[in-house]
Amino acid sequence: MFDWNQDPHRRFNPLTRQWVLVSPHRTERPWQGQTETQDAPVQPAYDPACYLCPGNARAGGFRNPHYDATFVFDNDFAALKPTTPVEGFAQDGLLIAESGPGICRVICFSPRHNLTLANMEQADLRRVVDAWVEQFLDLGSRDMIGYVQIFENRGAMMGASNPHPHCQIWASHTVPNEVSTEQESQLAWRRDRHSCLLCDYARLELASRERLLEENGSFVTVVPFWAVWPFETMVVSKRHLTGIDGLTGAERDDLADILKRTTARYDRLFGVPFPYSQGFHQRPTDGAPHDEWHFHAHFYPPLLRSATVRKFLVGYEMLAMPQRDITPERAAERLRGV
Ligand code: H2U
Ligand code: ZN
């Protein structure tokens with residue numbers, strides 16, 4: 001008899017249309033071991049050497065204002081520039097390149113250097129949500145911008161350059177890879193089934209509750225059935241929304257609430273500020289309605305079995321396909337238990 005909790009199998013991600021290999025038999029012992037607690041360096045509320053703290057000089061030569069809530073600025077080392085002309089290059093169907101304009105910004109969540117999403121007051125987090133909506137509308141309304149990617153790298157392990165609570169926005173002319181793949185999947189689902197892929201998925205997870213971590217009136221956090229990272233999660237809106245700009249006031253509060261609760265749960269898992277990359281996926285800003293799109297966030301944390309042991313996507317995963325040991329159901333159970 002095949003045992004889905006023990007025997008190797010592969011699972012399908014309907015958003016990326018990629019498979020992940022699950023090898024649960026490899027886990028059981030290490031996961032039952034003790035979890036380690038690592039003392040995170042205590043950060044001051046203000047750091048005179050931080051380039052994001054209020055009043056400080058940035059590396060680019062500008063000086064931050066004495067801001068007291070959120071603070072948005074153009075990235076001094078932007079990966080995309082607004083002045084780039086749109087051009088294409090193609091040779092023999094093999095050498096293909098495209099130029100494209102874009103705008104990169106940084107949002108400081110708070111003037112306080114030592115806060116994180118999990119530790120912010122609900123009202124202050126709501127201001128961060130408002131800033132995201134404002135930026136999505138501002139950048140997305142420009143002709144040259146086809147997609148607005150909002151994301152946060154947290155922790156040195158994920159390459160964040162600074163502990164000051166902040167996120168980045170890269171608004172590009174073209175739609176990036178991950179987003180365009182998810183778009184094709186959602187379009188195909190809508191065409192074939194006359195429904196929304198993530199509305200259907202959220203309904204299924206709410207009924208089963210096996211992979212569910214957090215829920216409020218407007219959102220649900222789950223470890224997706226097809227998760228690659230050990231403690232990967234998705235935050236999905238219960239209502240069909242194509243983008244963050246469709247949130248009502250109450251839903252903006254609920255987004256702040258579920259992000260706070262999800263990140264706090266992460267921090268409790270190994271007793272450390274949990275590193276991750278997270279960000280929103282939503283409709284492109286090319287002016288089309290894109291009703292196939294369902295607003296959601298992905299959290300990709302690298303930690304595997306303790307504060308100090310991370311998962312690497314290497315070897316078989318680079319050459320063949322991603323693989324995980326702990327099942328998504330067991331990961332959800334562990335996250336629910338803290
Ligand atoms: P990360 O921690 O995710 O790297 O984000 C910090 C961003 O801040 C990074 O993209 C920018 C970097 O280019 N930055 C400035 O714009 N000005 C500075 O003075 C330093 C860092
Ligand atoms: Zn700071």
Side-chain angles (χ1 to χ4, degrees), residues 40-84 100-121 124-125 127-129 131-132 134-136 138-139 145 147-173 176-179 229 232-233 235 244 259 262-263 266-267 272-281 297-303 310 313:
V42 178
Q43 298 288 345
Y46 168 76
D47 177 356
C50 168
Y51 55 73
L52 297 179
C53 273
N56 289 2
R58 294 208 303 273
F62 294 93
R63 187 167 287 279
N64 298 324
H66 290 274
Y67 64 96
D68 57 12
T70 58
F71 168 53
V72 185
F73 64 94
D74 285 332
N75 196 314
D76 300 309
F77 307 96
L80 298 162
K81 299 183 193 166
T83 49
T84 307
I103 299 171
C104 297
R105 289 184 174 161
V106 178
I107 305 183
C108 298
F109 294 157
S110 159
R112 278 191 48 195
H113 183 79
N114 57 359
L115 280 186
T116 60
L117 285 184
N119 293 314
M120 284 176 74
E121 296 294 333
D124 295 334
L125 246 173
R127 289 205 192 101
V128 175
V129 175
W132 287 332
E134 213 172 278
Q135 290 300 315
F136 176 77
D138 171 13
L139 296 166
I145 298 301
Y147 190 76
V148 179
Q149 182 60 58
I150 301 169
F151 66 97
E152 176 192 7
N153 288 326
R154 186 174 108 164
M157 204 181 265
M158 289 310 284
S161 55
N162 187 313
H164 196 113
H166 67 284
C167 74
Q168 296 196 47
I169 305 179
W170 292 20
S172 56
H173 180 63
N177 299 352
E178 293 286 319
V179 184
W229 295 94
E232 175 179 335
T233 58
V235 180
I244 198 167
L259 292 177
T262 302
T263 51
Y266 274 145
D267 290 355
V272 292
F274 215 65
Y276 57 71
S277 278
Q278 65 100 354
F280 300 109
H281 278 160
H298 295 279
F299 277 86
Y300 299 125
L303 290 181
R310 62 161 296 172
L313 283 174

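Each ligand, and each atom within it, is numbered from 1 in the order the structure gives.
- Among all protein heavy atoms, the one lying closest to atom 4 (O) of ligand 1 is S161 OG, 3.2 Å.
- Salt bridge status for D68 with R127: absent, with no side-chain N to carboxylate O gap under 4.0 Å.
- What sits closest to atom 3 (O) of ligand 1 on the protein, heavy atoms only, is Q168 NE2, 2.8 Å.
- The cationic atom of R105 (NZ for Lys, CZ for Arg) does not lie both less than 6.0 Å from the six-membered ring centre of F73 and within 45° of the ring axis.
- Under a 4.0 Å criterion applied to the non-hydrogen atoms of N153, ligand 1 contributes the atoms 3 (O).
- Side chain to side chain, R63 and N56 fail the donor-acceptor criterion of an N or O pair below 3.5 Å.
- Among protein heavy atoms, atom 19 (O) of ligand 1 sits closest to A59 N, 2.5 Å.
- Distances from ligand 1 to the non-hydrogen atoms of F73 include at least one value under 4.0 Å.
- Here OG of S110 is found 5.0 Å from CE of M120. Values are rounded to the nearest 0.5 Å.
- Two residues are said to be in side-chain contact when any heavy atoms from C-beta on lie closer than 4.5 Å; R154 and F274 meet this criterion.
- Rounded to 10°, the angle formed at the Zn ion (ligand 2) by H164 ND1 and C50 SG is 110°.
- Between Y276 and F299, the ring-plane angle classifies as perpendicular under the 30° and 60° cut-offs.
- Applying the 4.0 Å criterion to heavy atoms of A160 picks out, from ligand 1, the atoms 2 (O).
- Using a 4.0 Å cut-off between heavy atoms, H166 contacts ligand 1 through its side chain alone, with no backbone atom that close.
- Among the atoms of H113, an N, O or S atom falls under 2.8 Å from the Zn ion (ligand 2).
- What sits closest to atom 21 (C) of ligand 1 on the protein, heavy atoms only, is Y51 CE1, 3.2 Å.
- Residue contacts with ligand 1 for V106 involve side-chain atoms from C-beta outward but no N, CA, C or O (heavy atoms, distance under 4.0 Å).
- Here the side chains of C108 and T70 are not in contact, with every heavy-atom distance at 4.5 Å or above.
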* Working for side-chain hydrogen bond (donor to acceptor under 3.5 Å, both in side chains), residues E134 and W132 -> CA-CA 5 Å; E134 213 172 278; W132 287 332; over 6 Å; no
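- Of the protein's non-hydrogen atoms, the one nearest atom 15 (C) of ligand 1 is D76 OD2, 3.4 Å.
- The structure places CD1 of I103 at 5.0 Å from CG of L139, a figure rounded to the nearest 0.5 Å.
- Counting protein heavy atoms only, atom 13 (O) of ligand 1 is closest to N75 OD1, 2.7 Å.
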